[in-house]
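See structure below.
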Amino acid sequence: MNRFLTAARLGQFVAVVLVAGCGTGTSGSVTTASPTPAIADTPTASASPSQGSRTHVLADNSDGAIGVTVTVPAGWSGEPGGWSMESGPDGFDPPAGAGIIAFVVDEEFYVYGDPCDWQRTEPETPATTVGGIVGALANQASRDPSEPEEIAVGGYPGKKLTLHVPDDARFKECDESTFATFAVAGEDKALQAQGPGEIDEIWIVDVDGSVVLLQGGYYADTPPGVVDELREILSSATFD
């Protein structure tokens, strides 16, 4: 079952919404993120909510952090204000699960250079902007990243890209048997992959200068309808 969220709130880094050579036998070093083009002001259209959907508080703002509210179709579960959601009886587990988790990024957000060799590839410089995070994720080894796309969520601009965990990834050969995407203040492997073949859509939004990272993960065998629902949920996010 769900192992992808290791901590809900870590210092000023608040969890709300996956890096190099794991399973390929390649050892990676930290790579320098390439500059990312400026975010366009033109918003994208949100997906229409599914029939029978409900409003769900993914993250509350009681501690002064950004609150996140989404529209959720039937079949998805998550504790109100619990920072994550999953679909179906198997949650986010392979071979056909799906899940969502989010983070509000502070000044101590570190994207690993290599998700398998993550203990040696944490960069000295954190990534704290939409462009910086997108560039760092796009340069992670073994992730086969898509081209970043401009998005708008809740009226705010951002970027999204899709990352992959190699089908032949051998997690037991990774540090602490974990394929980890990034670290936060006081916590290594804040976001970790559930299994080989995981597909991760990373939506990164600039909310009046604060960065919210929404991650939706699934697999090749996840039903297409569930993947559509995952995107509907991410597209429906509003922030307060």
Legend entry - Proximity of F103 and F182 rings by center, below 6.0 Å: yes

Legend entry - Student check: side-chain heavy atoms of M85 and L58 closer than 4.5 Å: yes

Legend entry - S142 to F179 - nearest heavy-atom pair and separation: OG-CZ, 3.9 Å

Legend entry - For the student: nearest non-hydrogen atoms of T178 and W118, plus distance: O-NE1, 3.1 Å

Inset, instruction - Calculate, to the nearest 0.5 Å, the distance between atoms CH2 and CD1 belonging to W76 and I233 respectively. - result: 4.5 Å

Inset, instruction - Would you name the heavy atoms of G195 and P94 that are closest together and state the gap between them? - result: CA-CG, 4.4 Å

Inset, instruction - Any chance you could measure H56, atom NE2, to S236, atom OG, to the nearest 0.5 Å? - result: 10.5 Å

Legend entry - Distance (rounded to the nearest 0.5 Å) between Q192 CD and E176 CD: 9.5 Å

Inset, instruction - Quick one: do K159 and E150 satisfy side chain to side chain contact (heavy atoms under 4.5 Å, CB included)? Show the steps, please. - result: CA-CA 5 Å; K159 294 272 190 180; E150 296 174 356; 3.6 Å; yes

Inset, instruction - Spell out, yes or no, whether V227 and I199 are grouped together once hydrophobic residues are joined by side-chain heavy atoms under 4.5 Å, including indirect joins. - result: yes

Inset, instruction - Give the cluster check for L137 versus Y110: same hydrophobic cluster or not, with ILVMFWY residues linked at side-chain heavy-atom distances below 4.5 Å. - result: no

Inset, instruction - Identify, with sequence neighbours excluded, every residue that meets side chain to side chain contact (heavy atoms under 4.5 Å, CB included) alongside S146. - result: L161, T162

Legend entry - Sidechain-backbone polar pair: W203 side chain, G158 backbone, donor-acceptor under 3.5 Å: no

Inset, instruction - Report yes if the side chains of V165 and D200 come closer than 4.5 Å at any heavy-atom pair, otherwise no. - result: yes

Inset, instruction - To the nearest 0.5 Å, tell me how far D175 CG sits from C116 SG. - result: 6.5 Å

Inset, instruction - Would you give the length of the straight line joining atom OG1 of T69 to atom CG of D60, rounded to the nearest 0.5 angstrom? - result: 9.0 Å

Legend entry - Distance-minimising heavy-atom pair for A183 and Y112: CB-OH, 3.2 Å

Inset, instruction - Is it possible for you to say whether I66 and L234 belong to one hydrophobic cluster, with membership spreading through side-chain heavy-atom contacts below 4.5 Å? - result: yes

Inset, instruction - Spell out, yes or no, whether I100 and V207 are grouped together once hydrophobic residues are joined by side-chain heavy atoms under 4.5 Å, including indirect joins. - result: yes

Inset, instruction - Taking the side chain as every heavy atom from C-beta outward, state whether P126 and E107 have any pair of such atoms under 4.5 Å apart. - result: no

Inset, instruction - Indicate the ring-plane relationship of Y156 and F239, choosing parallel, tilted or perpendicular according to the 30° and 60° boundaries. - result: perpendicular

Legend entry - Any side-chain heavy-atom pair of V111 and Q140 under 4.5 Å: yes

Inset, instruction - Examine distances only and state if a side-chain atom of T222 and a backbone atom of Y219 form a donor-acceptor pair shorter than 3.5 Å. - result: yes

Inset, instruction - Measure the CD-CG distance between Q215 and L163 for me, rounded to the nearest 0.5 Å. - result: 9.0 Å

Inset, instruction - Considering non-hydrogen atoms only, spot the tightest contact between A193 and F171 and give its length. - result: O-CE2, 3.7 Å

Inset, instruction - Specify the closest pair of heavy atoms between A169 and P196, including all atoms of both residues, with the distance to one decimal. - result: O-CG, 3.4 Å

Inset, instruction - Taking the side chain as every heavy atom from C-beta outward, state whether E201 and Y218 have any atom pair closer than 4.5 Å. - result: yes

Inset, instruction - Just jot down the side chain to side chain contact (heavy atoms under 4.5 Å, CB included) partners of P223, sequence neighbours excluded, or say none. - result: A96, V226

Legend entry - side chain to side chain contact (heavy atoms under 4.5 Å, CB included) involving V211 - partner list, sequence neighbours excluded: V105, V130, I133, I204

